[in-house]
**Q** 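First the structure, which I've put down as structure tokens, then a few questions once you've had a look.
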Amino acid sequence: VQLQASGGGLVQPGGSLKLSCAGSGRSIFRINTMGWYRQAPGNERELVARITSGGNNIYAESVKGRFTMLRDNDKNTVYLQMSSLKPEDTAVYYCNRVPAFYSWGQGTQVTVSS
């Protein structure tokens, strides 16, 4: 299974971005809890959002109310809609199963800066 995250970029504080992560190889999203993780320079990778196979969402306190995770099982894709972005959201974003199991892939860089 390969996971490919995309959609990152440079955005000003207060802006929005929508990330996508597609899985190839097998249909994995339908039966697994999937998550969005991020890693900022010098920091550990952290889980910021997850969605269960039943569609329930759990968010880290740091992103609650600003980020929304969605899934499309038919497309084997998960999304992360991010709004009201802050400089501290700057990181490389990845998706993976929760707990992490598959290879991480390259992730997608999100930079929040004026």
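All figures in this text were calculated on a predicted structure; none of them were measured in a lab.
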**Q** When you measure from the side chain of S103 to the backbone N and O of G105, does any donor-acceptor pair fall under 3.5 Å?
**A** no
**Q** Could you tell me the separation between the OG1 atom of T33 and the CD1 atom of I58, rounded to the nearest 0.5 Å?
**A** 8.0 Å
**Q** N57 side chain to I51 main-chain N or O, any donor-acceptor pair under 3.5 Å?
**A**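 Absent.
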**Q** Counting neighbours of CD on E88 that are heavy atoms of other residues, nucleotides or ligands and sit closer than 6.0 Å, is the number greater than 12?
**A** yes
**Q** With sequence neighbours excluded, what pairs up with S16 under the side chain to side chain contact (heavy atoms under 4.5 Å, CB included) test?
**A** Q81, S83
**Q** Please tell me if the side chains of S62 and R38 come closer than 4.5 Å, counting only heavy atoms from C-beta onward.
**A**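 Touching, per the 4.5 Å side-chain cut-off.
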**Q** Flag yes if more than 12 heavy atoms outside E46 fall under 6.0 Å of its CD atom; otherwise flag no.
**A**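 Yes, the 6.0 Å shell around CD holds more than 12 heavy atoms from other groups.
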**Q** Check for me, please, whether V98 and V1 land in the same ILVMFWY cluster - side-chain distances under 4.5 Å, paths through other members count.
**A**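 No, no single cluster joins them.
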**Q** Ring centroids only, cut at 6.0 angstrom: are Y79 and W36 within range, meaning strictly under it?
**A**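 Y79 vs W36: aromatic centres not under 6.0 Å.
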**Q** Please check this pair: side chain of T108 against backbone of G8, looking for a donor-acceptor N/O pair closer than 3.5 Å.
**A** yes
**Q** How far apart are the C-alpha atoms of N32 and Y102, what are their side-chain angles, what is the distance that settles it, and do they pass the side chain to side chain contact (heavy atoms under 4.5 Å, CB included) test?
**A** CA-CA 12 Å; N32 286 308; Y102 304 107; 3.4 Å; yes
**Q** Who passes side chain to side chain contact (heavy atoms under 4.5 Å, CB included) against V11, sequence neighbours left out?
**A** L17, L85, V112
**Q** Show the nearest heavy-atom pair for residues P13 and S113, with the distance to one decimal.
**A**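 Closest pair (atom of P13, atom of S113, distance): CD-C, 3.6 Å.
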**Q** Got a second to check how far K18's NZ is from L80's CG, nearest 0.5 Å?
**A**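 So the gap between those two atoms works out to 10.0 Å.
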**Q** Are N96 and M34 packed together at the side-chain level, in the sense that at least one heavy-atom pair is separated by less than 4.5 angstrom?
**A** no
**Q** Among residues at least two apart in sequence or on other chains, which ones pass side chain to side chain contact (heavy atoms under 4.5 Å, CB included) with N43?
**A**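 If we apply the side chain to side chain contact (heavy atoms under 4.5 Å, CB included) test to N43, skipping adjacent residues, the hits are A40.
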**Q** Establish, for the pair R45 and Y94, whether the NZ or CZ atom is under 6.0 angstrom from the six-membered ring centre and no further than 45 degrees off its axis.
**A** yes
**Q** Within the 4.5 Å heavy-atom criterion, are Y59 and M69 side-chain neighbours or not?
**A** yes
**Q** Nearest 0.5 Å, please: how far is OG in S24 from CD in Q2?
**A**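 So the CD of Q2 and the OG of S24 are separated by 4.5 Å.
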**Q** Counting distance only, does the side-chain N/O of Y37 pair as donor-acceptor with the main-chain N or O of W104 below 3.5 Å?
**A** no
**Q** Please tell me if the side chains of R50 and N56 come closer than 4.5 Å, counting only heavy atoms from C-beta onward.
**A**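 The answer is no; the side chains never approach within 4.5 Å.
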**Q** Report whether V92 and V63 are members of the same hydrophobic cluster (ILVMFWY, side-chain heavy atoms less than 4.5 Å apart, transitive linking).
**A**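 Looking at the clustering, V63 is in a separate group from V92.
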**Q** Would you check if T90 and Q109 make a side-chain contact, meaning some heavy-atom pair closer than 4.5 Å?
**A**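 Heavy-atom side-chain distance check passes, below 4.5 Å.
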**Q** Between S20 and T77, which heavy-atom pair has the shortest distance, and what is it?
**A**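 Looking at all heavy atoms of both residues, the closest pair is CB-CG2, 4.4 Å.
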**Q** So, do S53 and I31 sit near enough that their side-chain heavy atoms are less than 4.5 Å apart?
**A**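 No, every pair of side-chain atoms sits at 4.5 Å or beyond.
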